[in-house]
Amino acid sequence: MPEGAAPAAPSPLDTIRTLHTLGPAGTNLEAAARQWLDRRGLADRGTVTLHPSLESALDGLPRTGAHALVACAVYPRLHTLVFGNLRTCRMVDSFLMPTHEMVLAVSAAAPEKPRTVATHPAPAGLVPPYCEPRPALSNAQAAIDCADGRADACVTTVVAARAHGLRVVHSFGAVPMVFTVHQVIEVAP
């Protein structure tokens with residue numbers, strides 16, 4: 001720093017220690033949250049908390065700046081999350097990362113040609129045209145729904161498919177994705 005220059009203001013990123021995102025375990029957002037902490041040198045000190053939805057996560061968070069949500073650019077309600085919470089939730093970072101391998105998977109009890117497919121709304125375009133989509137709260141929840149027999153198949157991550165004993169019938173590969181970080185802090189009017 002040049003002599004006499006004022007020290008730089010701290011970045012809003014420096015105060016974030018806990019990331020909240022979509023669960024259960026095995027979602028792309030969980031992987032993105034862990035990578036963000038790792039990139040910031042916080043893998044040992046930061047925490048990731050998983051929630052049923054990003055909207056439900058935001059409801060109870062302290063607005064101190066130490067907490068943030070991790071979302072992705074294709075999250076179906078990202079615009080509502082951003083513009084509906086301008087005074088308490090600010091986008092402070094984004095980064096590009098490939099998703100887990102996205103797959104179409106079936107349970108051992110599924111019919112040879114699946115008729116129903118559990119899927120989060122974001123990758124619903126990957127559901128075969130001859131199948132009926134069944135909404136799920138996340139890619140990992142879609143795998144749970146399939147394993148529990150609530151759908152014949154699911155669009156999910158390979159991580160979630162393996163965790164729930166599903167058989168992969170088609171791989172769509174990893175998808176380059178932009179992830180966003182939203183700091184939860186009370187903003188002055």
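We number each residue from 1, following the sequence as shown.
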Quiz item: Are V82 and Y75 co-members of a hydrophobic cluster defined by side-chain heavy atoms under 4.5 Å apart?
Solution: yes
Quiz item: Looking only at heavy atoms, which two atoms of T156 and A160 are closest? And how far apart?
Solution: OG1-CB, 3.3 Å
Quiz item: Between T27 and A140, which heavy-atom pair has the shortest distance, and what is it?
Solution: CG2-CB, 3.7 Å
Practice problem: Report the residues that fulfil ring-ring contact (aromatic ring centres under 6.0 Å, His included) with H67, sequence neighbours left out, ordered by chain and then residue number. | Solution: H20
Practice problem: Indicate the atoms forming the closest heavy-atom contact of A136 with D145, along with that distance. | Solution: CB-OD2, 3.8 Å
Practice problem: Using modelled atom types only, decide if a donor and an acceptor are shared between the side chain of R17 and the backbone of D14 within a distance under 3.5 Å. | Solution: yes
Quiz item: Do V155 and V169 belong to the same hydrophobic cluster, where Ile, Leu, Val, Met, Phe, Trp and Tyr are linked whenever their side-chain heavy atoms lie under 4.5 Å apart, directly or via other members?
Solution: yes
Quiz item: Same cluster for L22 and V159 if Ile/Leu/Val/Met/Phe/Trp/Tyr side chains link at under 4.5 Å?
Solution: no
Exercise. List the atom of W36, the atom of L19, and the distance in Å for their closest heavy-atom pair.
Key: CE3-CD1, 3.6 Å
Exercise. Check R134 against R150 and note the closest heavy-atom contact, atom names and distance.
Key: NH1-O, 3.3 Å
Self-check item: Side-chain donor or acceptor of T18 paired with backbone N/O of T47 under 3.5 Å
Solution: no
Quiz item: Atom CG of L78 and atom CG of L54: how far apart are they, to the nearest 0.5 Å?
Solution: 8.5 Å
Practice problem: Share the residues that join V178 in a hydrophobic cluster, the rule being Ile, Leu, Val, Met, Phe, Trp or Tyr side chains under 4.5 Å apart at the heavy-atom level. | Solution: L96
Quiz item: Between T21 and L69, does a side chain to side chain contact (heavy atoms under 4.5 Å, CB included) hold up when you go through it step by step?
Solution: CA-CA 6 Å; T21 197; L69 296 178; over 6 Å; no
Quiz prompt | Smallest separation among heavy atoms of F179 and N28, with atom names | solution = CE2-O, 4.0 Å
Taking only distance into account, with no hydrogens and no angle test, what donor-acceptor pairs under 3.5 Å do side-chain atoms of residues 108-127 form with protein atoms, sequence neighbours excluded?
residue : atom : partner : partner atom : Å
T116    : OG1  : D152    : N            : 2.9
H120    : ND1  : A122    : N            : 3.1

Self-check item: Same cluster (ILVMFWY, side-chain, under 4.5 Å), V48 and L13
Solution: yes
Quiz prompt | Pair E101-T157, side chain to side chain contact (heavy atoms under 4.5 Å, CB included): steps then yes or no | solution = CA-CA 6 Å; E101 178 184 354; T157 66; over 6 Å; no
Quiz item: For the side chain of Q35 and the backbone of M97, is there at least one donor-acceptor N/O pair under 3.5 Å apart?
Solution: no
Self-check item: Side-chain donor-acceptor pair present, Q183, T15, cut-off under 3.5 Å
Solution: yes
Quiz item: Looking at side-chain heavy atoms only, is the closest gap between E55 and L58 below 4.5 Å?
Solution: no
Self-check item: Steps toward side chain to side chain contact (heavy atoms under 4.5 Å, CB included) verdict (N139, T99)
Solution: CA-CA 11 Å; N139 294 326; T99 65; over 6 Å; no
Exercise. Identify whether F95 and M177 are in the same connected component of the hydrophobic contact network (ILVMFWY, side-chain heavy atoms under 4.5 Å).
Key: yes
Quiz item: Quick check: does any side chain N or O of D38 sit under 3.5 Å from a backbone N or O of R34, one acting as donor and the other as acceptor?
Solution: no
